[in-house]
Amino acid sequence: MDFREFDGTNLLKLDTCIKLLPNIKPRKARALLNEWKSALFEKIVNDTFAGVESDDYEIKVSDSLILASNDFEHIFFGDEPSATLVTPCGANLIRKAYLQGLFEIKGKLDEYIVPDALVEYCDSADDILREQIARKLQGKEAKEMYRVKLTNFDEINESEFSYKLLNDIFVEQFGFKGGFHSLEIGGINVSKSVSLYKSNTGNSSDWQVVFNWIGTDGKQGTIKKDSVYSENRRNDSERNYGLHD
């Protein structure tokens, strides 16, 4: 299985996976995994410098366990150098190495037994991938519903009002324009006021955005995003003396 099929969600941490194994020395185990990985990638580097091309690289760590470069992507899943996660496929390889007595352990074990929790995780690849697909579909549907809401805003409830929603609706209708605009959203007249504020040097600027409405309960509603420069001297008539126009 290609490690790129996993998106990182619902994956077990590598350290957690190792620590689930009875009597194992976690640091020693991770160090050994890194040692195997380094040995394999040393082969790849040497071949690269020698001009040798190969699509298949592997390292034999025991008589019955051979690890390929893709296997290490499962064991050390994530962006280097952290790579803090392990896929079910990677966990299964660690389980096999443990059962073969390849890791250093504390004390003596009469029998190597892998806890049910880790066995279940090793067998969970298909379930995790199904959940990923379901989440992506839900996310796609949510985005589509949101896009519909931006153009069909008559049924939006006042309780849904947020800066993002109101701003996206106004941008959809008027674009990124400054000044004053108003719309009836869910039967409520909502206004948007956009004001430009400049830095003290005048070299940069930022917008202040304010939404106002009278709610169904007769109370004033306001959502405001301040400009990062709203408190600057340039924007205060009593303190803006001496600044360049």
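- If you check the side chains of Trp213 and Glu158, you find a donor sitting under 3.5 Å from an acceptor.
- Among residues two or more places apart in sequence or in another chain, the side chain to side chain donor-acceptor pair (under 3.5 Å) test is passed with Glu5 by none.
- Side-chain contact of Tyr57 with Asp47: a donor-acceptor pair under 3.5 Å is present, judged by distance alone.
- A 6.0 Å sphere centred on CZ of Arg135 holds more than 12 heavy atoms belonging to other residues, nucleotides or ligands.
- In this structure, Asn34 contributes its side chain and Ala31 its backbone to no donor-acceptor pair below 3.5 Å.
- In this view, Asp2 and Arg4 satisfy the side chain to side chain donor-acceptor pair (under 3.5 Å) rule, not counting sequence neighbours.
- Taking the salt bridge (charged side-chain N to carboxylate O under 4.0 Å, His left out) definition, one finds that Lys149 meets it with Glu160, sequence neighbours left out.
- Within 6.0 Å of atom NZ in Lys177, 12 or fewer heavy atoms from other residues, nucleotides or ligands are found, so the atom counts as exposed in its surroundings.
- Asn23 is linked by a side chain to side chain donor-acceptor pair (under 3.5 Å) to nothing, counting only residues two or more places apart in sequence or in another chain.
- The closest side-chain donor-acceptor pair between Gln100 and Ser64 falls under 3.5 angstrom.
- Within the model, atoms OG1 of Thr16 and CG of Leu11 stand 12.0 Å from one another, a figure rounded to the nearest 0.5 Å.
- Of the inter-residue distances, the one linking Ile214 atom CD1 with Asn189 atom CG reads 9.5 Å to the nearest 0.5 angstrom.
- For Val86 against Ala91, the heavy-atom pair with the smallest separation is CG2-N, 3.4 Å.
- Remark: Glu155 CD is loosely packed, at most 12 non-hydrogen atoms of other residues, nucleotides or ligands lying under 6.0 Å away.
- The two residues Phe170 and Phe211 make their nearest non-hydrogen contact at CD1-CE2, 3.7 Å.
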Pairs under 3.5 angstrom only: tabulate donor-acceptor contacts from the side chains of residues 161-169 to other protein residues two or more places apart or in another chain.
residue : atom : partner : partner atom : Å
Ser162  : OG   : Leu165  : N            : 3.2
Lys164  : NZ   : Asp168  : OD2          : 3.0
Asn167  : OD1  : Lys192  : NZ           : 2.8
Asp168  : OD2  : Tyr146  : OH           : 2.6

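- Between atom CZ of residue Phe3 and atom NE2 of residue His74 there is a gap of 7.5 Å, rounded to the nearest 0.5 Å.
- No hydrogens or angles considered: nothing links the side chains of Asn212 and Ser191 as a donor-acceptor pair under 3.5 Å.
- Minimum interatomic distance between Ala97 and Phe103 (heavy atoms only, all atoms of both residues): CB-CE1, 3.6 Å.
- If you take CG on Asp127 and CZ on Arg130, they are separated by 4.5 Å, rounding to the nearest 0.5 Å.
- Rounded to the nearest 0.5 Å, atoms SG (Cys17) and CZ (Arg95) are 10.0 Å apart.
- Shown here are the side chain to side chain donor-acceptor pair (under 3.5 Å) partners of Glu120, two or more places apart in sequence or in another chain: there are none.
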